[in-house]
Number of protein chains: 2
Amino acid sequence: MLTIGKLGASTGVKVPTIRYYEQIGLLPEAERSAGNQRLYSQKALELLAFIRHARDLGFTLEAIRDLLSLSDQPGQPCAAADAIVVAQLAEVESRLARLGALKVELQRILTQCAGGKIADCRVIEALGDHSLCATDHRYPDLGATT
Amino acid sequence: MLTIGKLGASTGVKVPTIRYYEQIGLLPEAERSAGNQRLYSQKALELLAFIRHARDLGFTLEAIRDLLSLSDQPGQPCAAADAIVVAQLAEVESRLARLGALKVELQRILTQCAGGKIADCRVIEALGDHSLCATDHRYPDLGATT
DNA sequence: CCTAAGTCTCTAGCAACTAGAGCTTCAAGA
DNA sequence: TCTTGAAGCTCTAGTTGCTAGAGACTTAGG
């Protein structure tokens, strides 16, 4: 049995984050010691490692929740789990495309700076006017992690 | 003079977002009509367009705040504005690298799925165990927009 | 037995919005 | 001129995925 601190250290997840996961029901409620401290089994460690890894891969907690409930139903076909990963891949690819466009645009903006005064700064100007842009980086918000 | 709705429509910024920007002091307080409705000048439109464009390029509101206060000091050298853009470019590049690694890993995980039952699903297994990974996608959090 | 580190609960905060309630104002048609 | 419906107003609270802090308690080592 591990204390929450050991569990955190061996999974790379911070202690308050573990408590947070429990609070939102992503982790089951931990057993408690006589003094009311959380105790974790090896199984809990594996579970948390799974979560950590999936987070590292950019999955949302909601997606992870789905993956976990799937993994509780070993008889079900694999397709649903697959679909979640495919969706995540699509998300990653779309962000990659968008970030690629941003990179180009930022580089372009930087080349315009002659190093003068702000009054005739191309950087500020370029930021102010989208029509000066070479690429169309105006996408609906992708706002998220990773 | 534009109402907030027109302003939103012509900049592509949602009405509540405009009010939010005013609330946090990114936009100056708008003039008001006799009936207390916000009215915006052409200048305000340009300002909001600047903000919108910078947001599209992934700048945080804090960075935008800095850029705006720089653009109020036309005599200052351009270097500070430049630095903000350089920092943003670095951020974008680091996210690109990370997302690239994630993409590779997700693709790899997907190739392992033979389409069977969850019980022997490689996808779930691969998600659970980082040591099965080909790349090291374990970076400290970059958590952010775009 | 004492101390220091670890743990507990609880609340509040971060970015950057978004959604909703319940009200007022405005513009256009009958 | 009246009326209706869209658009505006303020305010609060919710989103995601944590993080930080206060103030109290438990535990392990010396």
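So you know, we letter chains A, B, ... as the sequences are listed, proteins then strands, and number each from 1. All heavy atoms count here, side chains included; hydrogens, waters and symmetry mates do not.
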Report summary line: Checking C:dT9, D:dG17, C:dC17 against the side chain of A:L61 (C-beta onward), the nearest is D:dG17
Requested in this report: Determine the contact category for A:F59: base if any of its heavy atoms lies under 4.0 Å from a base atom, sugar-phosphate if only primed atoms, P, OP1 or OP2 are that close, otherwise nothing.
Outcome: nothing
Report summary line: Nearest-nucleotide check on DNA chain D, B:I4 vs B:Q23; residue mapping nearer the 5' end is B:I4
Query raised in the report: C:dT7 C1' sits how many Å from A:M1 CE, rounded?
Result: 17 Å
Query - Distance, rounded to the nearest Å, where B:I24 contributes CD1 and C:dC17 contributes C1' - result: 10 Å
Requested in this report: Look at A:Y21 and D:dG17 and indicate whether a side-chain polar atom (N or O) is within less than 4.0 Å of OP1 or OP2.
Outcome: no
Query raised in the report: Does the side chain of B:T3 get closer than 4.0 angstrom to OP1 or OP2 of C:dC26 through an N or O atom?
Result: no
Query raised in the report: Of the residues in residues 28-45 of chain B, which ones touch DNA chain C at a heavy-atom distance under 4.0 Å?
Result: B:S33, B:G35, B:Q37
**Report entry** Rounded distance in Å - CZ (B:R52) to P (C:dA16)
**Finding:** 15 Å
Query - Spacing between B:L57 atom CG and C:dA16 atom P, to the nearest angstrom - result: 14 Å
**Report entry** Check: A:G58 main-chain N/O paired with A:Q88 side-chain donor or acceptor under 3.5 Å
**Finding:** yes
Query raised in the report: Where the side chain of A:T11 meets the backbone of A:L7, is there a donor-acceptor pair that is under 3.5 Å apart?
Result: yes
Requested in this report: For C:dA15, take OP1 and OP2 only and decide whether either is under 4.0 Å from a side-chain N or O of B:T60.
Outcome: no
Query raised in the report: Is the shortest heavy-atom distance from the side chain of A:L68 to the side chain of A:L47 under 4.5 Å?
Result: yes
Report task. Give a yes/no answer on whether the side chain of A:T17 brings an N or O atom under 4.0 Å of OP1 or OP2 in D:dG17. Result -> no
**Report entry** Whole-Å gap separating C1' (D:dT10) and CD (B:E22)
**Finding:** 12 Å
**Report entry** Separation of atom CG in A:L2 from atom C1' in C:dT7, rounded to whole Å
**Finding:** 15 Å
Requested in this report: Verify the contact: side-chain N or O of B:K14 to OP1 or OP2 of C:dT18, cut-off strictly under 4.0 Å; return yes or no.
Outcome: yes
Report task. Please say which of B:R108, B:Q107, B:K103 ends up in a side chain to side chain donor-acceptor pair (under 3.5 Å) with B:E105. Result -> B:R108
Requested in this report: Flag the pair A:E29 and A:R38 as a salt bridge only when some basic side-chain nitrogen lies within less than 4.0 angstrom of an acidic carboxylate oxygen.
Outcome: no
Requested in this report: Identify whether the distance between the nearest side-chain nitrogen and carboxylate oxygen of B:E62 and B:R65 falls below 4.0 Å.
Outcome: yes
Query raised in the report: Is A:R19 near enough to C:dC10 that one of its side-chain N or O atoms lies under 4.0 angstrom from OP1 or OP2?
Result: no
Report summary line: Rounded to whole Å, the OH-P distance (A:Y20 to C:dA12) equals 17 Å
Query raised in the report: Taking B:R32 for the side chain and B:L39 for the main chain, is one N or O donor matched with an acceptor at less than 3.5 Å?
Result: no
